[in-house]
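Please read the structure below before turning to the comments.
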Amino acid sequence: MNIKARRVGVRGMLGILFLLAIGRALAQEPAEGKLGVFEGSGDVGAVLHPGSVEYDAAKGTYTIAGSGENMWFAKDAYQFVWQKVSGDVELSADISFAGTGGNAHRKAVLMIRQSLDEDSVYADIARHGNGMTAIQFRTQTGGLTGEVQSPNWGPQHLRIEKHGAYFTMWLASDSGGLRVAGASPRIELKEPFYVGIGVCSHDKDVVERAVFSHVKLASLKSSPETASGKDMVLYSFLETMPVDSNDRTAVYVAQGRFEAPNWTRDGKELLFNREGRILRIPAGGKAQPDTLDTGFAIRCNNDHGISPDSSLLAISDQSQETSPGNRQSLVYVVPMSGGTPRRITKNAPSYWHGWSPDGKTLAFVGQRSSDFDIYTIPVTGGDEARLTIAKGLDDGPEYSPDGLYIYFNSERTGHMQIWRMKVDGTEQEQVFSDEYNNWFPHISPDGKSMVFLTYDQTVSGHPENKDVMLRVMALADKKIKVIAQLFGGQGTINVPSWSPDSKSIGFVSYALVPAR
């Protein structure tokens, strides 16, 4: 053999062996890389002290050090460890803060974010230093952050899921499995986007550390059934919210549908309907609901409310036949302590919506012939009085606290708007006009504000499972502000749901999650 050729062959073989060795080394390197399942890290927003991350591959833990004034309002400042992804995803971890003390509002988060800009659209689960845990979200660039807090503090394990344009918070204690604990409004993200973990000290002069363990980042595959809305599981969230803040709290969460909270006059409990029954739960949550005894009335719908003296509950129920083989809604009153319902309306269908401040008269919606109109009737029973005669649907009548007006919603102008009239039906006037469809006006006990449900222009009626807004109008100057965006509609806020101090409202939001 030619020696030169032999030398070339040896060199070639050595080169091949070198490349194979490099290939084996690369193949043997953990697929996770130097940052585990993530590819990058850095500070988001303005921080005084640079953050850092340490990944322990043997333990599978991330220790993140972060500074930053806050992750709230219109901008964020924190240390973020991230991966760019597309599609539906889930991110889960156990979180613990290193050391004791520190700001009670320091945050360790699981986050899904559009960009690394400080004012980016995002959704996250934030575990605070004091144990409070919430799903937080910014629905538009530079917008204010909102949140839904869980009443269960200090969860052991956390998971955020993205399903299309919606995000859900899942939490678990030491003794239980993961459960849905809160949901976001619709948030559109362009692909790719960022998903990761982060720490904010909530004190610009301080660096805080948190340890993330059992971190899992996974894609969620959508089936054709999921894409079409089938094969989805519905969850309901009974929420309370101060109208002057974005601090929503999910008081009670359950699979299935429940609706329409009333706040008791003493502020201690919330009532709502589920599967034909009326349930009650402490307004602070952390308890299971009890079922109110409503006698034979076991097909209650979402039109119910408490008398001014708290002695009676008005219900709308369709347990009894109103004609042979036909069951339509009738209005009854039942003692708040429970008992046998007393029928009020003779004609069906009838749906309760309001008590007069003196407790002597009920306002309700009735369909007589082909029209739905507003009626009143004495709480002792008797003849009903028709107050509206306009063509089209009139709905949602509720007395003002001074007893001078009945507010309602009407589509007499072509789309649903808020109206009011004197309690005898005279002087009917539109309260305001805009391009939306507005339903169910509820006046605060102090008479200063009105909260109502808003659908966009394309929605007719008040269907369930829609993107809606809750808005508040100051009655003195008619200025309107959005206080919540959510997935809901029918069942969200059909009936009076102000707290007695006029500071908070109760409502129900919903989420559809693919079945597992």
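Please read all numbers here as calculations on a predicted model, not as lab measurements.
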Any side-chain donor near an acceptor of the partner, [X] and [Y], under 3.5 Å:
{"X": "Gln136", "Y": "Thr145", "answer": "no"}
{"X": "Arg471", "Y": "Asn438", "answer": "yes"}
{"X": "Gln490", "Y": "His462", "answer": "yes"}
{"X": "Thr141", "Y": "Asp119", "answer": "no"}
{"X": "Gln83", "Y": "Glu39", "answer": "yes"}

Can you find a pair of side-chain heavy atoms, one from [X] and one from [Y], that are under 4.5 Å apart?
{"X": "Asp395", "Y": "Phe440", "result": "yes"}
{"X": "Arg127", "Y": "Leu158", "result": "yes"}
{"X": "Asp467", "Y": "Pro185", "result": "no"}
{"X": "Val251", "Y": "Pro151", "result": "no"}
{"X": "Ile418", "Y": "Met473", "result": "no"}
{"X": "Asp434", "Y": "Gln417", "result": "yes"}
{"X": "Ile95", "Y": "Leu110", "result": "yes"}
{"X": "Val180", "Y": "Val233", "result": "no"}

Item to check | Candidate pair Thr294 and Asp317, rule side-chain hydrogen bond (donor to acceptor under 3.5 Å, both in side chains), full reasoning | outcome: CA-CA 10 Å; Thr294 54; Asp317 176 81; over 6 Å; no
For atom [atom1] of [X], is the number of surrounding heavy atoms from other residues, nucleotides or ligands below 6.0 Å larger than 12?
{"X": "Glu54", "atom1": "CD", "answer": "no"}
{"X": "Glu69", "atom1": "CD", "answer": "no"}
{"X": "Lys162", "atom1": "NZ", "answer": "yes"}

Atom pair [atom1] ([X]) and [atom2] ([Y]), whose distance is rounded to the nearest 0.5 Å:
{"X": "Met232", "Y": "Leu234", "atom1": "CE", "atom2": "CG", "result": "9.5 Å"}
{"X": "Tyr235", "Y": "Arg179", "atom1": "OH", "atom2": "CZ", "result": "9.0 Å"}
{"X": "His105", "Y": "His128", "atom1": "NE2", "atom2": "NE2", "result": "7.0 Å"}
{"X": "Glu269", "Y": "Leu292", "atom1": "CD", "atom2": "CG", "result": "9.5 Å"}
{"X": "Leu279", "Y": "Thr291", "atom1": "CG", "atom2": "OG1", "result": "4.0 Å"}
{"X": "Leu475", "Y": "Met450", "atom1": "CG", "atom2": "CE", "result": "6.0 Å"}

Decide, yes or no, whether a salt bridge links [X] with [Y] under the criterion of side-chain N to carboxylate O below 4.0 Å.
{"X": "Lys107", "Y": "Asp76", "value": "no"}
{"X": "Arg277", "Y": "Glu275", "value": "no"}
{"X": "Asp244", "Y": "Lys481", "value": "yes"}

Checklist entry - Which word best sums up how the rings of Tyr351 and Phe372 line up, parallel for under 30°, tilted for 30 to 60°, or perpendicular for over 60°? => result tilted
Next on the checklist: Test: side chain to side chain donor-acceptor pair (under 3.5 Å). Region: residues 194-203. Which pairs qualify, not counting sequence neighbours?
Outcome noted: Asn70-His202
Heavy atoms only: give me the nearest [X]-[Y] pair and the separation to one decimal.
{"X": "Ala74", "Y": "Leu144", "answer": "N-CD2, 4.2 Å"}
{"X": "Ala297", "Y": "Ile315", "answer": "CB-CD1, 3.7 Å"}
{"X": "Glu188", "Y": "Gln114", "answer": "O-OE1, 4.3 Å"}
{"X": "Thr133", "Y": "Gly154", "answer": "OG1-N, 4.3 Å"}
{"X": "Glu435", "Y": "Gln457", "answer": "O-CG, 2.8 Å"}
{"X": "Arg265", "Y": "Ser310", "answer": "CG-OG, 3.0 Å"}

Item to check | Tyr166/Phe487 aromatic ring centres below 6.0 Å | outcome: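 Ring centroids of Tyr166 and Phe487 are less than 6.0 Å from each other.
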Next on the checklist: What verdict does the side-chain contact (heavy atoms from CB on, under 4.5 Å) test give for Arg113 and Arg138, after you've listed the backbone C-alpha separation in whole Å, the side-chain angles of each residue and the deciding distance to 0.1 Å?
Outcome noted: CA-CA 9 Å; Arg113 189 178 187 93; Arg138 184 179 294 126; 4.2 Å; yes
Checklist outcome for this item: The single option from Tyr436, Phe432, Tyr407 that satisfies ring pair (Phe, Tyr, Trp, His ring centres under 6.0 Å) with Phe452 is Phe432
Checklist entry - Can you name the one residue among Phe258, Phe237, Trp263 that meets ring pair (Phe, Tyr, Trp, His ring centres under 6.0 Å) with Phe272? => result Phe258
Which residue, [options], forms the side chain to side chain contact (heavy atoms under 4.5 Å, CB included) with [X]?
{"X": "Met169", "options": "Ile135, Asp124, Val148", "result": "Ile135"}
{"X": "Phe80", "options": "Ile64, Asp43, Leu116", "result": "Leu116"}
{"X": "Trp498", "options": "Asn262, Asp446, Val451, Ile443", "result": "Val451"}

Item to check | Stepwise side-chain contact (heavy atoms from CB on, under 4.5 Å) test for Val365 and Asp394 | outcome: CA-CA 8 Å; Val365 178; Asp394 295 324; over 6 Å; no
Checklist entry - Does Gln485 use its side chain to pair, donor to acceptor, with the backbone of Arg186 at less than 3.5 Å? => result no
Item to check | Whether Ser213 side chain and Thr61 backbone form a donor-acceptor pair below 3.5 Å | outcome: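 No.
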Checklist entry - So among Asn465, Asn302, Asn273, which one has a side-chain hydrogen bond (donor to acceptor under 3.5 Å, both in side chains) with Arg257? => result Asn465
